[in-house]
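Working notes for the structure below.
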Amino acid sequence: MSIVQAFRTLKRHPYVILQPIVIDMILLGLLLVSHAFPLESQSSSRVILSMGLPSIFQLFSLPFSWFLLVVILLWSFGQGGYIRALVAACEDTSLPTAQIMKANTRYGLPFMFLYFALLLATSAAGALLLLLFGTIGSGAALLFFLAFRVLFVYLEFTMVTDRLPFDAAFRRAFQTLKQHWPASIGMAALILIFSGAASLIANLYTAPILLLVILVVYNVMMTLLFIALMHTYNEARRYEG
């Protein structure tokens, strides 16, 4: 089972969780020092459809500000190294810090463009489905976003593992999803359910010390789920031959 396999992988290679935790701690410290936006306890939850790098700040509805731009910048320039670390862990090897930083630099701008493309695409598709189908459209939108989410995670994986340009990587990622879609969609659903529950908890308990605990737990659990998804991705690639 992918989750059991992922747990064993993370136990052997715990370094995978370091980068997202460090990035989130930097962002949390910056937020607390600058008071960029107030953290107030509220009963609120978000469905997480953003890119693969886990972050506690995905759990909040961040207003457009300089802080949001810094968040997107660090997410984008942390994504390549995070995926390379996932690949190495699933291959049961360690990745030197220099290689992680090299991947961060190499894929920073492509992933930033991909982030904004995904944001526009999901917003447009969701609005169109709701406009055309009303209440039924919200259910259709959720199913669409589920497939869309895993497709774009596979696209990110493919861009890093195969070093392909966007168009070739997209075709390859779509083929990979077709080869193993039930397990892939199942993993995406599990990620969305967990992140939605985590979002509710994070919005209720906003004291800095509690956020620090949630930050660590969330990044560890999401990395575990992404390792499981990487194993699913690798299995699908083996079916492709």
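No side-chain heavy atom of Ile227 sits less than 4.5 Å from a side-chain heavy atom of Phe7. Put simply, the side chain of Val160 does not reach to within 4.5 Å of the side chain of Arg106, judged on heavy atoms. Within the 4.5 Å cutoff, side-chain heavy atoms of Asn234 are placed close to those of Cys90. The side-chain heavy atoms of Ser55 and Ile23, taken from C-beta on, include no pair separated by under 4.5 Å. Side-chain atoms of Met159 and Glu156, non-hydrogen and from C-beta on, never get closer than 4.5 Å to each other. Considering only heavy atoms from C-beta on, Ile21 comes within 4.5 Å of Asn219 through its side chain. At least one side-chain heavy atom of Ile3 sits under 4.5 Å from a side-chain heavy atom of Leu225. By the 4.5 Å heavy-atom criterion applied to side chains, Leu151 and Phe170 are counted as neighbours.
A side-chain donor from one of Tyr218 and Gln58 sits under 3.5 Å from a side-chain acceptor of the other. Between the side chains of Asn104 and Gln79, no donor-acceptor pair is found at a separation under 3.5 Å. Ser184 and Tyr154 share a side-chain donor-acceptor pair at under 3.5 Å.
Tyr115 contributes atom OH, which lies 12.0 Å from atom CG of Leu73 (distance to the nearest 0.5 angstrom). Taken to the nearest 0.5 Å, the OG1 atom of Thr223 stands 3.0 Å off from the OH atom of Tyr82. Remark: Lys178 NZ to Thr176 OG1 distance equals 10.5 Å, nearest 0.5 Å. Remark: Thr206 OG1 to Asn203 CG distance equals 8.5 Å, nearest 0.5 Å. Here CG of Leu86 is found 5.0 Å from CE of Met230. Values are rounded to the nearest 0.5 Å. The line from NZ of Lys102 to CG of Leu95 is 11.0 Å long, rounded to the nearest 0.5 Å.
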Fill in: Derivation of the side-chain contact (heavy atoms from CB on, under 4.5 Å) call for Val150 and Leu229
CA-CA 9 Å; Val150 73; Leu229 189 58; 4.1 Å; yes

Discussion item. For a side-chain contact (heavy atoms from CB on, under 4.5 Å) check, start with the C-alpha distance between Leu10 and His13, then their side-chain angles and the critical distance, and finish with the verdict.
Written reply: CA-CA 5 Å; Leu10 185 58; His13 304 283; over 6 Å; no

Worksheet item: Can you check ring-ring contact (aromatic ring centres under 6.0 Å, His included) on Phe57 and Phe67, steps first, answer last?
Response: CA-CA 11 Å; Phe57 292 97; Phe67 181 77; 5.6 Å; yes

Discussion item. Would Phe226 and Ile83 count as a side-chain contact (heavy atoms from CB on, under 4.5 Å) here? Give the steps.
Written reply: CA-CA 9 Å; Phe226 276 122; Ile83 293 175; over 6 Å; no

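The main-chain N or O of Leu192 is found under 3.5 Å from a side-chain atom of Ser195 such that the two form a donor-acceptor pair. Without hydrogens or angle criteria, Gln5 side chain to His231 main chain gives no donor-acceptor distance under 3.5 Å. Put simply, the side chain of Asp162 never gets that close to the backbone of Ala169: no donor and acceptor are under 3.5 Å apart. Between the Thr93 side chain and the Ala88 main chain, a donor and an acceptor come within less than 3.5 Å of each other. At least one donor-acceptor pair under 3.5 Å links the side chain of Thr105 to the backbone N or O of Met101. Side chain of Thr232 to main chain of Ala228: a donor-acceptor pair is present (N/O by atom type, distance under 3.5 Å, no hydrogens or angles).
The side-chain contact (heavy atoms from CB on, under 4.5 Å) test with Leu28 singles out one residue from Ile26, Leu32, Leu30, and that residue is Leu32. The residue from Ile56, Leu27, Val220 that alone fulfils the side-chain contact (heavy atoms from CB on, under 4.5 Å) condition with Leu215 is Ile56.
If you chain together hydrophobic residues whose side chains sit under 4.5 Å apart, Leu59 and Ile209 fall into the same group. No continuous path of ILVMFWY side-chain contacts below 4.5 Å connects Val33 to Leu212, so the two sit in separate hydrophobic clusters. The same ILVMFWY cluster, assembled from side-chain heavy atoms under 4.5 Å apart, contains both Leu53 and Phe194. Ile193 and Met222 fall into different hydrophobic clusters, defined by Ile, Leu, Val, Met, Phe, Trp and Tyr side-chain heavy atoms under 4.5 Å apart, directly or through other members. A continuous path of hydrophobic side-chain contacts links Met112 to Trp66 [ILVMFWY only; heavy atoms under 4.5 Å].
Here the closest non-hydrogen pair linking Tyr205 and Leu211 is O-CD2, 3.6 Å. Annotation for Pro54 and Pro20: closest pair O-CB, 3.7 Å, computed over non-hydrogen atoms. Considering all non-hydrogen atoms of both residues, Val16 and Ala85 come closest at CG2-O, 3.9 Å.
Between Tyr107 and Phe111, the ring planes lie tilted relative to each other; the angle falls in the 30° to 60° range. Below 30°, between 30° and 60°, or above 60°: for Tyr233 and Phe157 the angle between ring planes is above 60°, a perpendicular geometry.
Within 6.0 Å of CZ in Arg12 there are more than 12 heavy atoms belonging to other residues, nucleotides or ligands.
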